[in-house]
Number of protein chains: 2
Amino acid sequence: MSPRKSVAEARRTRERIVEHAIAVASVDGLEGLTIGRLAMDLGMSKAGVLGHFGTKESLQLATLEGASAVFARTVWERAQHEQPGLPRLQAVCDAWIAYIETEREVFPGGCLFTTAAVEFDARSGPVRDAVARLYRVWRRRLADEVRIAVDCGDLPSGTDPEQVAYELVGLYMAFNQEIQLFADPAAAERTRRALARLFGQEQASSGGS
Amino acid sequence: MSPRKSVAEARRTRERIVEHAIAVASVDGLEGLTIGRLAMDLGMSKAGVLGHFGTKESLQLATLEGASAVFARTVWERAQHEQPGLPRLQAVCDAWIAYIETEREVFPGGCLFTTAAVEFDARSGPVRDAVARLYRVWRRRLADEVRIAVDCGDLPSGTDPEQVAYELVGLYMAFNQEIQLFADPAAAERTRRALARLFGQEQASSGGS
DNA sequence: CCTACCGATCGGTAGG
DNA sequence: CCTACCGATCGGTAGG
């Protein structure tokens, strides 16, 4: 039996639940996540799992938040020691590729944001709103990185940072899908070639320095 | 009562079911599709719906097939009267954009292939296999269009058709998501700018004519 | 194509 | 954190 746990233990249990929920949701989606499945996998009762969140919706939101923290740690922070400008932008993109290729135990079903975005983009409610908010945040940070690279003179002054961020997200989704659907070992190289083209001669025809 | 219908009537009923299943699945996914929901929406009994397919999995496969037919009709055939080469490739891309923007009643939740691909890419089974097969088919046709444009001299001879097809799918996914998640009216223009860059100076640094 | 039904599982609650 | 339980819904079947 294991009633009466300390606050620290309860917190640790919650973390374990979220960690596993991220893995399950990356495969089956945030809607495919079920309390019963989580409880069985973790050797707990359903009420024990649900008690940490109250409702399934809260669990979904906590799962998204957890995935966002992993993303920040794996993709963003890892590039922050690079020099601002194209080097740091490139480092973010490289970390992004590595994150999809190597974080297979955290996200066995691929990037949870991609899954959640497609799953909820046609619905309404708090989960959809949270997904949209996270997307906006990361898109803005990406556009900021591009803007810095333009200011540094690493990219042509006519570059539209929002446009580049938009295309980067598309490349990223294609990459995630190529890995998941076809397990194509050439996918990373494909993505790097597209990035080179995007950064090497972006906007040369519509603006120019 | 409505037992005993003619073969033609039964076929028409099946078509009605598939048509509605496509709309529901584009919002809730192929797994979110339920027999009971379809039956209620169509004013039928669950057994009446299921009788046309046998199992939910068969219904999912029929839904995918139906969506593939719509895609072929709306995107592909519409461009076939154009001149082979860049004009026809461009027409396919334009039809693709129009398809996402205007086919809102057929696909209220956006492109069903994108939804199904993300939903099943980490699973196994006949539905996942069908999704992967459809993706391969459309990717190959897209690459063929690019190859023809290269042969016509409309694109540089160093162009890698598979690479262009890969990037096109990414742009398309970004576009679909931008419409669904943010209802951004600038999304189509963003996509056209990306296409112009892709077709205008593709591969100039890695091959060349 | 229907009614009537099956066991399993869903999210969630009561009470401890 | 547990056991025991709730009504609702799931995919699917029997029989007509």
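Chain letters run A, B, ... following the sequence lines, proteins first, then strands; residues in each count from 1. Being a predicted model, the structure only gives us computed values, none of them experimental. Side-chain atoms are counted along with the backbone in the values below, which use heavy atoms only and exclude waters and symmetry mates.
Whole-Å rounding puts the A:His52 NE2 to C:dG12 P distance at 16 Å. Atom pair A:Met44:CE and C:dG12:P shows a separation of 16 Å (rounding to whole Å applied). For the pair B:Arg14 CZ and C:dC1 P, the interatomic distance rounds to 12 Å; values are reported in whole Å. Taking atom CG of residue A:Leu59 and atom P of nucleotide C:dG11, one finds them 9 Å apart after rounding to whole Å. With rounding to whole Å, B:Glu57 atom CD is found 18 Å from D:dC10 atom P. Between B:Lys46 atom NZ and C:dC5 atom C1' the separation is 10 Å, expressed in whole Å. Separating the CZ atom of A:Phe53 from the P atom of C:dT13 is a distance of 16 Å, rounded to the nearest angstrom. Distance, A:Leu38 CG to C:dG11 C1': 13 Å, rounded to whole Å.
The nearest pair of heavy atoms linking B:Asp154 to B:Leu86 is OD2-N, 2.8 Å.
A:Leu33 comes within 4.0 angstrom of sugar-phosphate atoms only, judged by non-hydrogen atoms across all strands, and of no base. Residue B:Ser45 is in base contact, counting any heavy-atom pair closer than 4.0 Å across all strands shown. Residue B:Ile35 is classed as a sugar-phosphate contact, given heavy-atom separations below 4.0 Å to backbone atoms only.
Taking only side-chain atoms of B:Ala47, from C-beta outward, the nucleotide of D:dC2, C:dC2, D:dC10 with the closest atom is C:dC2. Counting only heavy atoms from C-beta on, B:Leu50 has its side chain closest to D:dG12 among C:dC2, C:dT13, D:dG12.
Residue order along DNA chain C, read from the 5' end via each residue's closest nucleotide, puts B:Gly43 first among A:Lys56 and B:Gly43.
Side-chain N/O atoms of A:Thr55 include none lying less than 4.0 angstrom from OP1 or OP2 on C:dG11. Distances shown here put every side-chain N or O of A:Thr34 at or beyond 4.0 Å from the OP1 or OP2 atom of C:dT9.
Centroid-to-centroid, the aromatic rings of B:Trp138 and B:Phe71 come within less than 6.0 Å.
Counted by atom type alone, A:Thr191 and B:Tyr166 present one or more donor-acceptor pairs between their side chains at under 3.5 Å.
Base pairing annotation: C:dT13 forms a Watson-Crick or G-U wobble pair with D:dA4, both donor-acceptor distances under 3.5 Å.
Considering only heavy atoms from C-beta on, A:Arg190 stays 4.5 Å or farther from A:Phe175 through its side chain.
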Side chain to side chain contact (heavy atoms under 4.5 Å, CB included) assessment of A:Val106 paired with A:Thr74
CA-CA 11 Å; A:Val106 181; A:Thr74 313; over 6 Å; no

